[in-house]
Amino acid sequence: MVVFLVLLCLPFIFYLLKPKFRKMLSSGVCTSKVQLHGKVVIVTGANTGIGKETAKDLAQRGARVYLACRDVQKGELVAKEIQATTGNNQVLVRKLDLADTKSIRAFAKDFLAEEKHLHILINNAGVMMCPYSKTADGFEMHIGVNHLGHFLLTYLLLEKLKESTPSRIVNVSSLAHHLGRIHFHNLQGEKFYSAGLAYCHSKLANILFTQELARRLKGSGVTTYSVHPGTVDSNLTRHSSFMKWMWQLFFLFIKTPKQGAQTSLYCALTEGLESLSGSHFSDCHLAWVSSQGRNETIARRLWDVSCDLLGLPLDW
Ligand SMILES: *[C@@H]1O[C@H](CO)[C@@H](O)[C@H](O)[C@H]1NC(C)=O
Ligand SMILES: *[C@@H]1O[C@H](CO)[C@@H](O)[C@H](O)[C@H]1NC(C)=O
Ligand SMILES: *[C@@H]1O[C@H](CO)[C@@H](O)[C@H](O)[C@H]1NC(C)=O
């Protein structure tokens, strides 16, 4: 009887202790005091969640922040909100649809004409578990947006980053990369497709690229990092408050978007991180990468295949 009562009370005890758990389990906080006056930053997918919180923090530090969003109207609302809370007027919205190479090229062209420098690029945008679909250029959506879209964007902006050293590129990947595999004969899900796995594959591709890019950028003053933001309280459960309650009750380790932004900020800002270029971070600490994620042969081949798909020179 007593045991039964205790069991019954357990959820409530958990519920009461949740803020404590949350704090404990999301220990990673970016404590850098770096100010960014005169610095220029791009955050992709900045109109919601982690991207928005990342942009807000960078604006708070005085940077000129470009919110690169697919939905410009929504982006403008977010920009206003960030301007109001940070007092920084230099929060700008630009159209960027990573599922369309034309849009990526147009974004880059305008940015390069507009700005002399780019100090921080945060490749944050991503799609997750969408049903099989294709980008404007015919790439499978996950690999197309999460990997190839950011690959092209990074390529187009790299000269500017090199001219603005010390500069940094941060790629938001995921713990999910552990389940990812690069199947070169099925890169676009032509032969078999699972929405969940396609996400994992694309996140593994992010990690491989961070490493390959770091190797290529050695000595250039541009450094690159990939991060796992944590499991973030997204809008998955928005349609049911009961589900939301259950979700929060049982997934005590779930982070708020603000907590989810901490590792991206850590990699973008922390002084002295340069020697760890190419590394993967989680909770503001170095993190373990799957064996495929450390394989240089696969990273090289994926680089070549990606250049091929996008019509880019192999050596950049
Ligand atoms: C979640 O969904 C609600 C209702 O649709 C919306 O008001 C809110 O802004 C969304 N939050 C995020 C982080 O997208
Ligand atoms: C980020 O990921 C994209 C897509 O995988 C890749 O093209 C780019 O080189 C990566 N950049 C960094 C800094 O890791
Ligand atoms: C890297 O991957 C290739 C191809 O899958 C494999 O043959 C090779 O053994 C791997 N190398 C390491 C160091 O794991």
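Whatever order the structure lists ligands and atoms in, that order sets their numbers, starting from 1.
Protein non-hydrogen atoms do not reach within 4.0 Å of atom 9 (O) of ligand 3.
The nearest heavy-atom contact from the protein to atom 6 (C) of ligand 3 is N295 ND2, 4.1 Å.
Among the atoms of T297, none of the N or O lies under 3.5 angstrom from an N or O of ligand 3.
The side-chain tip of R301 points at the ring of F184 from less than 6.0 angstrom away and within 45° of straight on. Within the cation-pi definition used here (under 6.0 Å to the ring centroid, within 45° of the axis), R215 does not qualify as a partner of W303.
Listed by number with element, the atoms of ligand 3 under 4.0 angstrom from any heavy atom of I298 are 2 (O).
Residues Y193 and N186 are not in side-chain contact: their nearest non-hydrogen atoms beyond the backbone lie 4.5 Å or more apart.
In the model, T135 has no side-chain atom that pairs as donor or acceptor with a side-chain atom of D100 under 3.5 Å.
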